[in-house]
Amino acid sequence: MVSNGTEAVRTESLVRHYKLGQSIIRAIDGVSLTIKKGDFTALLGASGSGKSTLMNLIAGLDHPTSGSIVVEGKELAKLESGQLAQYRRHTVGMVFQSFNLVPTMTLVENVELPMRFAEVDRGERRTRVEEALRSVGLSGRLEHRPSEMSGGEQQRAALARALVNRPKILLADEPTGNLDSKTGTEIMELIRGLNREIGMTVIIVTHERPLAERYANRLIFLGDGKLLGESANTPGGTQ
Amino acid sequence: MKAYDLMELAGRNLREAVLRNSLTTLGIGVGVASLVAMLSLGVGLQRLVSQQLGRSGLFDSIFVVSRQDMRNDRRQDVKPDEIKLLDDDARKRFQQISGVVEVYPDIRGMGEFRFAGPGQKEESYFTLMAGLPLSARRSDAFDDLQGNFFSGANAPEAIILNDFGRQLLGITAERGHFDDPLTNDQAKQLLGKEITLRYAERQSTGDQPAPQESADASGFSVVRKEQKLKIVGIVNAEPYGGGRGARSRVLVPMDFAESLNMIQPADLRSLMRSGQGKTYVALIVRVAKSTQVLGVEDAIKKQGYSTFSLLDASRNISRFFTFLDLFLGIFGSLALAVASLGIVNTLVMAILERRREIGIMKAIGASDGDVQKIFFCEAGSMGLLGGALGVLMGWLIGRVINFGTNIYLQRQDIKPENFWYVPLWLVAAALGFSIVVSLLAGLYPAARAARLDPVKALRHE
Ligand SMILES: Nc1ncnc2c1ncn2[C@@H]1O[C@H](COP(=O)(O)OP(=O)(O)OP(=O)(O)O)[C@@H](O)[C@H]1O
Ligand SMILES: [Mg+2]
């Protein structure tokens with residue numbers, strides 16, 4: 001399967017089954033979808049519908065049971081674990097719902113970590129860290145540990161870390177799930193800024209439909225591991 | 001990931017659980033210390049023994065006899081025409097073999113010694129006398145010499161054994177104290193005194209007129225001679241254990257002994273044979289290093305002589321020490337093996353604790369190899385630190401035990417010895433071994449951390 005130049009993600013009959021004893025859990029059960037470059041896509045669905053599983057497959061953290069998944073022209077199912085690590089370093093940036101940061105590291109160290117694996121020059125790292133932290137409004141907290149910061153600040157730091165290797169796609173699994181609506185909105189604004197200003201492809205998982213409708217230009221609905229439907233959306237204004 | 005980042009990450013992980021990691025490192029240290037302590041004891045003892053053996057002179061000497069004297073020995077089937085004489089020619093040839101330091105005859109003969117104790121009448125004593133090369137000075141037999149060594153190779157001087165000294169003074173040692181040194185007073189009554197030697201000289205009857213006493217057709221006659229000797233030293237035992245012969249109780253310088261031309265017990269054998277010039281009963285060939293003994297022995301055997309050396313005994317001794325070292329090493333390693341389990345335990349604990357962290361690292365781009373290397377590096381660091389600590393502790397333990405033992409030895413009137421020795425190779429080997437063992441211990445935890453499924457690690461509980 002070849003992607004044309006405008007596709008960021010394309011899945012074909014994507015399946016991810018988990019075996020639990022005798023029973024098989026069909027977390028993702030034949031999903032075919034396409035996400036274009038520059039899209040702001042929201043994955044919606046009830047709890048257990050397979051949203052996180054799909055995100056992990058796109059992130060190259062999980063392997064499909066069958067089917068194919070092509071991200072930025074790479075067939076992920078065919079990559080070896082070392083190549084997948086390479087892919088995670090440079091192509092995608094990830095933000096999770098919680099426990100995003102390494103608790104024993106300061107903010108700077110957390111944001112610097114992906115660059116260690118990507119073997120970025122030591123001289124360049126500090127500039128990039130400061131730049132990333134400035135873009136999420138955390139310039140003053142460089143030497144703090146995660147436990148000394150609020151949930152919103154932690155999530156912003158995680159965002160900075162996801163961006164520091166300049167990925168093409170930002171993957172965020174319920175980035176506002178643990179935050180109050182005001183802080184949640186702040187995070188979403190930041191993400192929208194990235195999407196609009198540098199044209200970064202964004203995929204977020206959420207089960208808050210209003211939030212999705214306000215920011216995303218595409219909505220994808222999952223249920224029991226299957227694609228229920230998708231719709232274009234005209235995002236609302238800033239608050 | 002770059003080596004520097006690897007070290008830094010491993011280092012900060014170690015610092016995060018500083019107590020647990022320090023204890024694990026200490027465990028490794030104790031293991032290495034026990035290994036170092038055990039092996040340095042083995043190595044030290046071996047060094048001590050080989051030094052002492054080296055100084056005894058037994059292991060760098062080869063005893064050479066003519067094969068004609070071996071004919072009674074059934075093991076050696078010697079045809080008469082193969083017999084080579086042990087004469088001056090042979091002595092010169094031996095001298096030229098590379099590695100040979102000196103060649104001297106084994107001279108020992110019976111003499112009558114006349115000596116007057118203080119305020120006593122002169123009396124006569126019969127005993128064996130032997131020639132001793134000046135090189136014997138370094139033998140450990142002279143460690144407790146009373147008086148002096150010979151002043152020269154031709155000096156008419158004698159060193160006597162202490163039991164002979166007692167005999168001259170008319171003292172009988174108590175049972176069990178025959179080897180005790182003389183008291184200073186007793187020694188003073190002997191040192192510097194003259195003793196008269198009467199012996200039988202062997203004179204060859206070539207062109208010389210027939211001597212007064214006995215003569216025979218076979219080539220030499222026996223003449224009674226007298227010679228005054230000065231007692232310069234008193235010693236506990238004959239150096240080189242007296243070689244093969246009977247114990248000689250009076251020692252004189254080798255060249256002087258040769259010039260006496262004294263008749264030796266073995267000369268009687270040559271009385272039975274005729275037509276031979278001056279020959280030696282036995283020659284002693286001394287080599288520079290005991291490792292050269294075999295080669296030189298071979299060369300002499302090829303020239304047609306029989307040889308003896310104590311090298312076989314020394315080989316057994318070094319074999320014994322190999323076993324001792326192995327034994328001590330195994331026991332020492334046991335502690336290290338137990339300590340390495342500590343590393344496994346610590347790192348497996350760390351994996352459980354850092355599950356989520358490992359998941360995050362993988363999600364943001366760490367490869368399985370990166371994760372594995374971090375854990376490996378942690379194990380290696382503990383090994384290196386523990387090894388260094390252990391070498392230090394082992395060395396200190398050694399010092400302390402050596403010190404304590406020497407205090408005990410001194411109380412027992414035994415000369416203190418440094419039987420503890422930590423050579424550089426042992427330090428390097430202990431460090432290397434500790435790192436290797438630690439890395440082996442890190443193998444399983446590192447592989448387990450690398451295999452950790454990031455999806456499972458990141459699922460929120
Ligand atoms: N490692 C796993 N082993 C077994 N079952 C799993 C595993 N991971 C996910 N599942 C199952 O797959 C299904 C989909 O899980 P997933 O986490 O993708 O749901 P979700 O849509 O993200 O739900 P939520 O909104 O609660 O986060 C669930 O039924 C879940 O129990
Ligand atoms: Mg989820």
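Each chain gets a letter, A, B and so on, in the order its sequence line appears, and its residues count up from 1.
Of the two parts of A:E109, only the side chain, counted from C-beta on, holds a non-hydrogen atom closer than 4.5 Å to a non-hydrogen atom of chain B. Interface remark: A:S81 contributes side-chain atoms only to the contact with chain B (heavy atom separation under 4.5 Å).
When B:K362, B:M1, B:R12 are compared by the number of non-hydrogen pairs under 4.5 Å with chain A, B:R12 comes out ahead. Ranked by heavy-atom pairs shorter than 4.5 Å toward chain B, the options A:L171, A:L84, A:L113 are led by A:L113. Taking A:R161, A:Q86, A:M94 one by one and counting their heavy-atom pairs under 4.5 Å with chain B, the maximum is reached by A:R161. The residue among A:V92, A:N56, A:T104, A:D62 with the most heavy atom pairs within less than 4.5 Å of chain B is A:T104. Residue with the most contacts toward chain A among B:G359, B:S367, B:P454, B:A366: B:A366 (heavy-atom pairs, distance under 4.5 Å). Per-residue counts of heavy-atom pairs under 4.5 Å with chain B were compared for A:P114, A:A118, A:P167, A:G82; the largest is that of A:P114.
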task = Show the numbers, then the answer: is there a salt bridge (Lys or Arg N to Asp or Glu O under 4.0 Å) between A:R145 and B:E16?
result = CA-CA 13 Å; A:R145 290 200 173 196; B:E16 265 326 305; 3.4 Å; yes
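Remark: B:I351 engages B:I358, B:F375, B:P445, B:R448, B:A449 in a side-chain contact (heavy atoms from CB on, under 4.5 Å) (not counting sequence neighbours).
Note that CD1 of B:I360 is 7.0 Å distant from CZ of A:F96, once rounded to the nearest 0.5 Å. Here the CZ-CG distance, from A:R122 to B:D5, works out to 6.5 Å after rounding to the nearest 0.5 Å. To the nearest 0.5 angstrom, A:N165 atom CG is 8.5 Å from B:I364 atom CD1.
Annotation: side chain of B:L458 is in contact with side chain of A:L61 (closest heavy-atom distance under 4.5 Å). At a threshold of 4.5 Å between non-hydrogen side-chain atoms, the residues B:E357 and A:L101 do not count as touching. Side-chain contact between A:R116 and B:E8 is present, with heavy atoms from C-beta onward closer than 4.5 Å.
The neighbour count for A:Y87 OH, taken as heavy atoms of other residues, nucleotides or ligands under 6.0 Å away, is above 12. Taking a 6.0 Å sphere around CD of A:E80, one finds it holds 12 or fewer heavy atoms contributed by other residues, nucleotides or ligands. Other residues, nucleotides and ligands contribute at most 12 non-hydrogen atoms within 6.0 Å of the CG atom of A:D224. By the 6.0 Å contact criterion, OH on A:Y18 is enclosed, its count of non-hydrogen atoms from other residues, nucleotides or ligands being greater than 12.
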Extract all donor-acceptor atom pairs below 3.5 Å that involve side chains of residues 381-403 of chain B and protein atoms in other chains or at least two apart in sequence.
from	atom 1	to	atom 2	distance (Å)
B:S381	OG	B:C377	O	2.7
B:N402	ND2	B:N418	OD1	2.5

